[in-house]
Amino acid sequence: MNKERNLEIYRMRQDGCTYKEIANCFEISVERARQICIFLQNMNLEEIESELYQFVVDDSSQNFTISLYNTLRRAGIDTVGSLQDHIHDINEHPENYVYIGTKGRSYLNQKLEELAKDA
């Protein structure tokens, strides 16, 4: 799955393209085009395009990372900078972030390490 591709699919649908036209353009099934559009329709597009969403949500493990993203938002963390500010507290006091499990903390630490290397 590709976030940019899926957003383009959604935008095409919003612009009036049929599922068949979208499917032909992206060489996917009509049903897959419909599923992508329905999924994105149920989400806030501004949120999907946000820096934190793009940082946290991994296409290969989307169910896990969308859940993690939603948990961060409920904890008041809405930017990558805010996540960087809170990661020490998340690691040191996991009891305050009960919905971010060990796997989630490991994933966030890994993503932040990758970000630091790229900087």
Side-chain angles (χ1 to χ4, degrees):
M1 191 184 307
N2 179 302
K3 287 181 265 193
E4 291 78 23
R5 180 202 71 170
N6 290 352
L7 287 171
E8 181 61 26
I9 288 169
Y10 181 74
R11 286 186 186 108
M12 286 178 69
R13 181 66 178 162
Q14 295 303 107
D15 290 343
C17 291
T18 66
Y19 291 128
K20 184 172 178 94
E21 291 169 333
I22 295 167
N24 289 339
C25 181
F26 289 93
E27 299 180 351
I28 59 175
S29 71
V30 172
E31 177 59 17
R32 184 64 188 132
R34 187 189 72 77
Q35 289 171 352
I36 290 167
C37 291
I38 299 265
F39 174 77
L40 291 177
Q41 179 180 336
N42 291 331
M43 297 192 72
N44 177 337
L45 195 55
E46 286 180 16
E47 199 168 339
I48 291 169
E49 293 175 331
S50 75
E51 173 196 34
L52 184 65
Y53 182 92
Q54 295 295 319
F55 181 75
V56 172
V57 177
D58 178 10
D59 293 331
S60 64
S61 58
Q62 198 169 36
N63 288 340
F64 162 71
T65 54
I66 287 176
S67 176
L68 180 58
Y69 168 78
N70 289 332
T71 300
L72 291 171
R73 297 279 294 139
R74 281 192 302 276
I77 299 169
D78 56 0
T79 65
V80 174
S82 181
L83 175 59
Q84 289 171 316
D85 292 343
H86 286 87
I87 195 65
H88 181 73
D89 191 50
I90 291 170
N91 289 326
E92 294 296 316
H93 303 287
E95 67 278 4
N96 295 336
Y97 303 89
V98 294
Y99 297 109
I100 302 176
T102 304
K103 182 179 173 184
R105 287 193 307 276
S106 295
Y107 176 79
L108 292 173
N109 285 305
Q110 175 189 355
K111 293 290 284 183
L112 288 170
E113 285 174 19
E114 290 171 10
L115 182 65
K117 287 179 188 175
D118 292 341

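- To the nearest 0.5 Å, atoms OH (Y97) and CZ (R74) are separated by 14.0 Å.
- Summarising the geometry, atom CG belonging to L83 is positioned 6.0 Å from atom CG belonging to L72; distances are rounded to the nearest 0.5 Å.
- Looking only at side-chain heavy atoms (C-beta outward), E51 and Q54 stay at 4.5 Å or farther from each other.
- To the nearest 0.5 Å, the span separating CE on M12 from SG on C37 amounts to 9.0 Å.
- Once rounded to the nearest 0.5 Å, the distance linking NZ of K103 with CZ of F64 reads 5.0 Å.
- One distance of note links CD1 of I22 with CZ of R32; it measures 12.5 Å at 0.5 Å rounding.
- Cluster annotation: F39 is connected to F26 through the hydrophobic network of ILVMFWY side chains, with a link wherever side-chain heavy atoms come within less than 4.5 Å.
- The closest donor-acceptor contact from the side chain of T71 to the backbone of I100 lies at 3.5 Å or more, if one exists at all.
- Taking CZ of R34 as the start and CD1 of I9 as the end, the distance is 13.5 Å to the nearest 0.5 Å.
- Considering only heavy atoms from C-beta on, Y69 comes within 4.5 Å of L52 through its side chain.
- A salt bridge does not link E8 with R5: none of the charged nitrogens is closer than 4.0 Å to a carboxylate oxygen.
- Between the H86 side chain and the S82 main chain, a donor and an acceptor come within less than 3.5 Å of each other.
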Side-chain donor/acceptor pairs under 3.5 Å, residues 111-119, sequence neighbours excluded:
residue: K111; atom: NZ; partner: F55; partner atom: O; Å: 3.3
residue: E114; atom: OE2; partner: Q110; partner atom: NE2; Å: 3.2

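- Of the candidates I90, V56, L108, I77 forms a side chain to side chain contact (heavy atoms under 4.5 Å, CB included) with just one, namely I90.
- R105 places a side-chain heavy atom less than 4.5 Å from the side chain of T102.
- If you check the side chains of N70 and Y99, you find no donor sitting under 3.5 Å from an acceptor.
- Grouping the Ile, Leu, Val, Met, Phe, Trp and Tyr side chains by contacts below 4.5 angstrom, directly or via other members, places L68 with V80.
- Under a cut-off of 6.0 angstrom, the local environment of CD in E27 is sparse, with at most 12 non-hydrogen atoms contributed by other residues, nucleotides or ligands.
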